[in-house]
2 protein chains.
Amino acid sequence: MARRDASVETIQQEMTAFARRARATAARMHPELSLVSYTLLAHLDDQQGCRATDLAAHYLLDKSTVSRQISALEKLGFVERRVDPDDHRVQVLHPTAKGAQTLANVTASRRQAFHERLADWDEEDLDRFADYLLRYNAAQARHG
Amino acid sequence: MARRDASVETIQQEMTAFARRARATAARMHPELSLVSYTLLAHLDDQQGCRATDLAAHYLLDKSTVSRQISALEKLGFVERRVDPDDHRVQVLHPTAKGAQTLANVTASRRQAFHERLADWDEEDLDRFADYLLRYNAAQARHG
DNA sequence: ATTCCACGTTGTACTATACAACTACTTCAA
DNA sequence: TTGAAGTAGTTGTATAGTACAACGTGGAAT
């Protein structure tokens, strides 16, 4: 049991340390797109457009937070709103061409940073690490 | 190379997803001690006291940020300042008895949450996951 | 003794966030 | 078919965390 406790303790400490740094690191690397904006824009790109409400539900954010983030992305010309013809309350959000391009640049640069950090890992370790993270996040989603 | 790319992509996505949620989760679980306060207080406890400058260096925070965080912890009665007799510019920071007690409570509750999330993992996986996180964070510290 | 450096605080500004109150629109049921 | 209830989104307000710049005070070195 002692070994198990030690592993859990390390996992907790390291996940916490990572979380503390993540925002600042992202901001330093990509001043043009904060971690939150990046995530929202990536989701729009991925889903081929969706509603603000969907973003809020998916990322556990208040709808007012999403509303303001989307306004900011719109001011930057990265997102456009298309009113749903079937329901005039709804705005379907899409990345603009410019937004998609910026997203692609940031994604490429993030990807490169991760590749550099993980350059000396062998494939088996990478594969297992990815699985562990998926499993951990899924458990967190279930247990709060 | 495709498998390697896929793993890196997953690691990136999952680390990002985790980072986005961490603060809010911590705030929900422990309203009395934010993630940042918790971390700083834990460091003081761990180090048997240290300077504000040391905290700033260790956590890559501006000294003004640390100053305000420490002020808040002091107002809550969780931290006390002892002026260094050898250098009157320096305040050595220590958790108070109350601060240490609160820290112990939060730590216990965090530990339990992690244990629950990781309950169905076997020991070998936990051990490897802990190693991977250490290795990842060490690499991030080196490569920014 | 003067200049330079280190430690910490305070003023200011910005971002992310939540909650509550509101408007506009849709749906459903009497 | 109309009125009640619910949904989508915005805006007002407040808070936390953060950085940068300017500052005061105290130590160190030439």
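Naming: A, B, ... by sequence-line order, numbering from 1 per chain.
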Aromatic rings B/F18 and A/Y136: how do their planes relate, parallel, tilted or perpendicular, breaks at 30° and 60°?
-> perpendicular
The side chain of A/Q69 lies closest to which of these nucleotides: C/dT10, C/dT17, D/dG17?
-> C/dT17
In whole angstrom, what separates B/R68's CZ from D/dT15's P?
-> 16 Å
Between C/dT26 atom P and A/R51 atom CZ, what is the distance in whole Å?
-> 14 Å
Checking all strands, does B/R20 fall into the base, sugar-phosphate, or nothing category for heavy-atom contacts under 4.0 angstrom?
-> nothing
Does D/dG9 have OP1 or OP2 sitting under 4.0 Å from an N or O in the side chain of A/T53?
-> yes
For D/dG17, does OP1 or OP2 lie under 4.0 Å from any side-chain N or O of B/S34?
-> yes
Is it true that the side chains of A/H30 and A/R110 contain a donor and an acceptor less than 3.5 Å apart?
-> no
Rounded to whole Å, CG of B/D62 lies from P of D/dA19 at a distance of 5 Å
Atom CZ of A/F78 and atom OG1 of A/T96: how far apart are they, to the nearest 0.5 Å?
-> 7.5 Å
Nearest-Å distance, CZ (B/R89) to P (D/dG26)?
-> 11 Å
Residue-phosphate contact under 4.0 Å: B/R23 side-chain N/O, D/dT18 OP1/OP2 = yes
Min side-chain heavy-atom separation B/R111-A/Q12 under 4.5 Å | yes
Does the B/T10 side chain pair with the main chain of B/A6, one donor and one acceptor, at a distance under 3.5 Å?
-> yes
Contact class for A/D87 vs. all strands (heavy atom < 4.0 Å): base, sugar-phosphate, or nothing?
-> sugar-phosphate
Here the distance between atom C1' of D/dG26 and atom CD of B/Q91, to the nearest Å, is 13 Å
Map B/D86 and A/I70 onto DNA chain D by nearest heavy atom, then report which one ends up closer to the 5' terminus.
-> A/I70
NA contact type, A/L35, heavy-atom cut-off 4.0 Å: base, sugar-phosphate, or nothing?
-> nothing
In whole angstrom, give the distance that lies between atom CG of A/D84 and atom C1' of D/dT7.
-> 13 Å
Is any side-chain N or O of A/R81 under 3.5 Å from a base N or O of D/dT10, one able to act as donor and the other as acceptor?
-> no
Check the distance between C/dT9's C1' and B/L55's CG and give it to me in whole angstrom.
-> 16 Å
Would you say B/S64 reaches D/dA19's phosphate, i.e. side-chain N/O to OP1/OP2 under 4.0 Å?
-> no
To the nearest angstrom, the CG-C1' distance between B/L93 and C/dC7 comes to 11 Å
Within the structure shown, what part of the strands sits under 4.0 Å from B/T65 by heavy-atom distance: base, sugar-phosphate, or nothing?
-> base
Listed nucleotide nearest any side-chain atom of A/K63, set C/dG8, C/dC25, D/dT10 = D/dT10
